[in-house]
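Residue numbers start from 1 in every chain, and the chains themselves are labelled A, B, ... in the order their sequence lines are given, proteins ahead of strands. The structure presented is a predicted model; accordingly, all values stated were derived computationally and were not measured.
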Amino acid sequence: MADDVRSIAVEGMARVEGEGSLHVSVRDGAVADVSLDIFEPPRFFEALLRGRHFTEAPDITARICGICPVAYQTSACTALEAACGVTVDSRIQALRRLLYCGEWIQSHALHIYLLHAPDFLGCADAVELAERDRAGVARGLAIKRTGNELMTVVGGRSIHPVNVRVGGFWQAPTREAVAALAGPLDQARQDALATVAWVAGFDFPDVESDYRFVALHTGDCYPVESGRVVSRGLLDATAEEFSYRVVEEHVARSTALHARIDGELTYLTGPLARYALNSRLLPEVARRAAAEAGLEEVCRNPFRSIVVRAVELVFACDEALRLVEGYEPPDPPAAACSAPDTGSVGAGASEAPRGLLLHRYELDGRGMITTARIVPPTSQNQRAIEEDLRRVVTSSLSLDDPELTLRCEQAVRNHDPCISCAAHFLDLTVEER
Amino acid sequence: MTTTATSRPEPGRPSVAVWKFASCDGCQLSLLDCEDELLALAGRVRFAHFPEMSRTSTGGPYDLSLVEGSVTTPADAARILEIRRLSRRVVTIGACATAGGIQGLRNFAAAGEYAAAVYARPEYLSTLDTSTPISDHIEVDGELHGCPVDRGQLLEVITAHLAGRRPVLSGSSVCQECKARGTVCLLVARGTACLGPVTRAGCGALCPSLDRACFGCFGPSDAPNVAALADRLVGDGHGRGELGRLLRTFNAGAGPFAAGSTALLGPDPEMGSPDHG
């Protein structure tokens, strides 16, 4: 009964970072199969890190992803500082958080304006959107530029910053250079508030999911560069403890190592998870924006993740501004780090714009990496994304094929998947077409 | 990949395609990072295929194809031939496309070793034992180096190729840029292992200005003398392992860096002794 079989396939998904495809099949009115396949070639980072000195890991792992290099550098640094038994001082920590805010600002602005919003407004891309609303797109690009400027001042450049090292930074930026960011950041915060109001007016499909949220949590501020790994009723762990709980499985068809807690529980990281577990810790300006946008303390509609991302954009601009105003150059700019000659182990986790990023390293007594493990957000979220797809298709069967295809793509883009990140340990199943 | 030639470039509005091979996405992100120029650029050219930016994709031929990433799978080795066939000009961007990238380190390892180290089931993989630059597979009309490429240089390359002129890019070394900006030489003043003397200019000598030695992310300059630099640094007390690893990063596969690192490390896949600076 061929008439009863309907399939949706998107080969080469657009407006995601990296190369992936999407397959859905519907049989007799029910979803039979969904898969988000990733055909990005594997790059074997865990293998090529072995035999490198621990000080090299931040620059090497940054190359996993050009969109969130600071996340890789930060998780690597915190993991390796743990291996060296070093805790950086509060000034270095604040500068690291400031740099990371820059990455959140540029990445969230990129995703909201260039990758995600066109879906809600029926445009193929931001260029088409700009034909209708040039001022709107220009606002997004201006926010993004400010994030990149911040990364350039603190990190030296915005893609693969060069100023980060294990222990801190090569050189502390001058007070003058940091102070000059205040004006653009203040404007970016206003633009971010306008962004929240803009995206809150989009039409959202009425879909909710019972996610198991996992995010960092610090107890006194919204999590960015550090914290314990938390999931309500399930998990409150250090990065090292979490590394034992998260189990990855290499499966043939699904193309990625699927991460699950204790080997069985699907979970979600990223803006929805961070917000659900930390919304009370947002600064007043972001909480007010969230309330005006109609968000409650937890948001379970994946399509509204664009609103949560916009609220986080307000937070990141506000937090960066706070850190700029309180900036004291760390002196020295980095803590001295040396690996114990007995060998050592260290894990670190931080919140990449698209979700939790875990690194764990084992070092020998000479400081050389013997084992590296990297668990990026997209491999953790892949199962949850597939479950979303199943739910979305089930509730959208009345749509015609082009509309259903777009809805499915949108359901994937809701989670801002970074396929380049995930691909470093992906199973490759190229479909010959 | 669907590659049916269905449309012709519009007169006066050249078509540009952006292609991704094994890479981190950072070099094509450089294009989206041209916040001040992006909308103007989109008015001057037609992005006929740029999946990171748009759902719309039209078939070739293309006036200019920008290629990011290296060739690491049999399917990609075939895909690049098709892209060449469909493109009037092909310009490769970034260390992966021009030198094989950090994933090119597998070229120095035993065949199959990397896949077995990372994957529980390496037999699922369909991947080559090498990561090679695009120019190993097709003739290219231009190369832009850097990990990542410089945004200003990327715009220069696009405008130059569309105007049919040579892009203005320096083949000199980072050393020249340090001198131009008046940065104290880290190698001479402190004996730091700096790759500035053999690394292509283009970043503006960014790292030395931050008190950090150049680590070669723009790859080798024109006619670099890697052996002389290595001798000098070994004489200054740097270990051969440290120096070999310094040359074996994002541009490990570039000829002068590959030869230099092999001379320092020998055939030892363990990446030399653990010494570091």
Side-chain angles (χ1 to χ4, degrees), chain A residues 11-19 40-44 46-48 50-53 55-56 59-60 63-67 69 110 114 118 124-127 130 134 137-138 141-142 144-145 148 156-160 162-163 170-171 250 252 366-368 409 420 425 427-430 432-433, chain B residues 1-2 20-30 32-33 35-36 38-39 42 47 51-57 72-73 75-76 101-103 105-106 109 113-115 117-121 124-127 131 147-148 203 206-207 210-212 215 217 242 245 249-250 269-271 274 276:
Chain A
E11 315 292 357
M13 278 245 330
R15 300 204 319 269
V16 294
E17 292 101 359
E19 308 229 330
E40 181 95 9
R43 294 167 69 212
F44 305 116
E46 285 91 340
L48 63 85
R50 292 187 318 178
R52 305 300 297 218
H53 193 258
T55 53
E56 302 175 81
D59 289 313
I60 291 177
R63 269 63 184 184
I64 292 172
C65 178
I67 293 96
L110 170 76
L114 269 57
D125 53 46
V127 173
R134 192 169 179 104
V137 175
L141 291 170
K144 184 167 167 301
R145 184 180 56 223
N148 282 333
R157 65 184 173 198
S158 58
I159 301 173
H160 304 327
V162 297
N163 196 24
W170 290 91
Q171 187 179 76
H250 191 182
R366 307 169 302 167
M368 309 300 275
E409 286 185 49
S420 301
F425 52 9
D427 168 25
L428 184 77
T429 52
V430 176
E432 299 297 345
R433 295 184 283 277
Chain B
M1 186 178 62
T2 51
K20 180 177 174 4
F21 287 74
S23 67
C24 78
D25 252 31
C27 289
Q28 55 177 313
L29 178 67
S30 300
L32 298 180
D33 273 0
E35 289 99 0
D36 295 332
L38 186 63
L39 293 179
F47 284 112
E52 180 153 324
M53 186 178 81
S54 181
R55 267 187 109 215
T56 303
S57 170
T72 62
T73 67
D76 276 357
I102 187 79
Q103 61 274 17
L105 290 177
R106 81 181 69 172
E113 181 188 317
Y114 273 27
V118 179
Y119 292 85
R121 307 289 301 272
Y124 291 161
L125 303 180
S126 169
T127 183
S131 167
C147 182
C203 64
L206 187 57
C207 288
L210 292 165
D211 238 9
R212 174 182 193 177
F215 58 109
C217 67
E242 171 204 352
R245 289 198 308 277
T249 62
F250 326 113
E270 288 292 306
M271 302 291 283
H276 65 99

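The closest side-chain heavy-atom distance from B:L38 to A:V137 is not below 4.5 Å. Residues B:F215 and A:V162 meet the side-chain proximity criterion, which asks for heavy atoms closer than 4.5 Å. Between A:R15 and B:R55, the closest side-chain pair of non-hydrogen atoms falls below 4.5 Å. Two residues are said to be in side-chain contact when any heavy atoms from C-beta on lie closer than 4.5 Å; B:C24 and A:H160 meet this criterion.
With sequence neighbours excluded, the residues satisfying side chain to side chain donor-acceptor pair (under 3.5 Å) with A:R145 are B:D36. Under the rule for a side chain to side chain donor-acceptor pair (under 3.5 Å), the partners of B:D33 that lie at least two apart in sequence or sit in another chain are A:K144, A:N148.
With rounding to the nearest 0.5 angstrom, the CD1 atom of A:I67 is 7.5 Å from the CD atom of B:Q28. Distance check: B:R245 CZ to A:H53 NE2 gives 7.0 Å after rounding to the nearest 0.5 Å. Atom OG of B:S131 sits about 10.5 Å away from atom CG of A:L48, to the nearest 0.5 Å. For the atom pair B:S23 OG and A:I64 CD1, the distance stands at 13.0 Å (nearest 0.5 Å).
For a residue to count as touching a neighbouring chain, one of its non-hydrogen atoms must lie under 4.5 Å from one of that chain's; by this rule B:C147 touches chain A with backbone and side chain alike. Neither the backbone nor the side chain of B:F47 has a heavy atom closer than 4.5 Å to any heavy atom of chain A. Looking at B:S30, both its backbone and its side chain come within 4.5 Å of chain A, counting heavy atoms on both sides. Contacts between B:T56 and chain A at a heavy-atom distance below 4.5 Å involve backbone atoms as well as side-chain atoms.
Residues A:G66 and B:L29 approach most closely at O-CD2, 3.3 Å, considering heavy atoms. The shortest heavy-atom contact between B:T127 and A:F44 is CG2-CZ, 3.9 Å.
Chain A forms the most heavy-atom pairs under 4.5 Å with one residue out of B:T249, B:L39, B:D211, and that residue is B:L39. For the options B:Q103, B:E52, B:E35, B:M53, heavy-atom pairs under 4.5 Å to chain A are most numerous at B:E35.
A distance-only check finds no donor-acceptor pair linking the side chain of A:R43 to the backbone of B:I102 [under 3.5 Å].
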